[in-house]
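What follows is one structure encoded as structure tokens, with my remarks underneath.
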Protein chains: 2
Amino acid sequence: MGSNLNMAECPAMETIALIGGRWKVIILHVLSKGTRRFGEIIVRVPSISRKVLTEQLRELEADGLISRVEYKTLPPKVEYTLTAFGKSLCPLLSYISAWKRDSEAGLSSDSL
Amino acid sequence: MGSNLNMAECPAMETIALIGGRWKVIILHVLSKGTRRFGEIIVRVPSISRKVLTEQLRELEADGLISRVEYKTLPPKVEYTLTAFGKSLCPLLSYISAWKRDSEAGLSSDSL
DNA sequence: CCCATTAGTTACTTAAAGGTTACTACTTTT
DNA sequence: AAAAGTAGTAACCTTTAAGTAACTAATGGG
């Protein structure tokens, strides 16, 4: 408590807060391929529980990265889609992935 | 336990694991300006405790992002420096910051 | 009547992260 | 003798994240 001053001054930290959840990168990646239902997401994110998936989706929604549309059919159907804001994250995630793969290609990681 | 299969397949998640610690981005930012001693880092990272700073530095060192050099003088002196691998993160952090600032510039965030 | 289906929720437990306070080591300075 | 300075450690506590298992709602099908 009382240590969030830094956050406010550090855009990189705010971004990490947005995508730093245990499963958020994978969920975002799944949704980058298109709209998906709850059940479609869960089978594509191995070993996540329904409770945790629900939590992560709610947070992503609260942060404006995804939208949730509920159809009042039986059985229920809920669709999740990246918002424009969420889509704007995709190049960033690609960049992050690419950095990791490049670093594994051995350029500078064996300096120790 | 037993859910790390995904991590291994997701470079972006591995990167987040590297820089996702509560203070890592700030610490990396401080060190991007040059070699710093423990006491110099702590005054530049407001409200971090010595214990937590030590922990974060140890993790960054274990991940190969920074190096730690201890001088056996009195009083003690320890210097922390970004490795080449750590330096390779700087452009990525800039990119992440820039994305956040751009998104705040209002382009797509007001879609809700 | 009972089962399946979908998208959850509830209650509970465990693990990890973060934080506070006090203490240590060793030498120089007062 | 006591205090200052540096870089920590140790013991302990709190908060947050994550995970498990069982349960719900509403309806169609057998």
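Everything numeric here is computed off the predicted structure, so don't read it as measured data. Letters A, B, ... mirror the listed sequences (proteins, then strands); counts begin at 1.
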- Task: Mind calculating the distance between NZ (B:Lys24) and P (C:dA16) to the nearest angstrom?
- Result: 15 Å
- Atom pair distance, as rounded to whole Å: CD in B:Glu70 and C1' in D:dG8: 9 Å
- Value in whole Å for how far the C1' atom of C:dT14 lies from CZ of A:Arg22: 15 Å
- Which whole-number value in Å describes the distance from A:Lys77 NZ to D:dT27 P? 18 Å
- Message: Closest approach to the side chain of A:Pro76, judged atom by atom: which nucleotide of C:dT6, D:dG8, C:dC26 is it?
- Response: C:dT6
- Query: In whole angstroms, how far is the P atom of D:dA25 from the NZ atom of A:Lys72?
  - Reply: 15 Å
- Message: In whole Å, I'd like the distance from the CZ atom of B:Arg58 to the P atom of D:dA7.
- Response: 12 Å
- Rounded to the nearest 0.5 Å, what separation is found between the CD atom of B:Glu14 and the CG atom of B:Leu18? 8.5 Å
- Query: Quick one: is A:Tyr80 getting a side-chain N or O under 4.0 Å of the C:dG8 phosphate, OP1 or OP2?
  - Reply: yes
- Relative to the 5' end of DNA chain D, which residue comes earlier, A:Leu74 or A:Glu59, by the nucleotide with the nearest heavy atom? A:Glu59
- Item | Short side-chain donor-acceptor distance under 3.5 Å, A:Trp99 and B:Thr15 | no
- Query: Nearest-Å distance, CZ (A:Phe38) to C1' (C:dA7)?
  - Reply: 6 Å
- Once you round it to whole Å, what is the distance between C1' of D:dG19 and CD1 of A:Ile48? 11 Å
- Message: Please give me every residue in residues 50-57 of chain A whose heavy atoms get under 4.0 Å of an atom in DNA chain C, ordered by residue number.
- Response: A:Arg50, A:Lys51, A:Thr54
- Task: Could you check which of D:dT9, D:dT27, D:dT20 has an atom nearest any side-chain atom of A:Ser49?
- Result: D:dT20
- Item | Between CD on residue B:Glu79 and CD1 on residue B:Ile41, distance to nearest 0.5 Å | 10.0 Å
- Residue B:Arg37, side-chain heavy atoms: nucleotide from C:dG18, D:dT6, D:dA18 that is nearest: D:dT6
- Query: Rounded to the nearest 0.5 Å, how far apart are OG of B:Ser94 and CZ of B:Arg101?
  - Reply: 8.0 Å
- Could you list all the side chain to side chain donor-acceptor pair (under 3.5 Å) pairs where at least one residue sits in residues 27-43 of chain B, not counting sequence neighbours? B:Thr35-B:Thr81
- Find out whether A:Ile48 and A:Ile26 are in side-chain contact, i.e. whether some heavy atom of one side chain is under 4.5 Å from a heavy atom of the other. no
- Task: Kindly determine whether B:Glu70 and B:Lys77 satisfy salt bridge (Lys or Arg N to Asp or Glu O under 4.0 Å), including the steps that lead there.
- Result: CA-CA 6 Å; B:Glu70 186 176 349; B:Lys77 173 176 170 180; over 6 Å; no
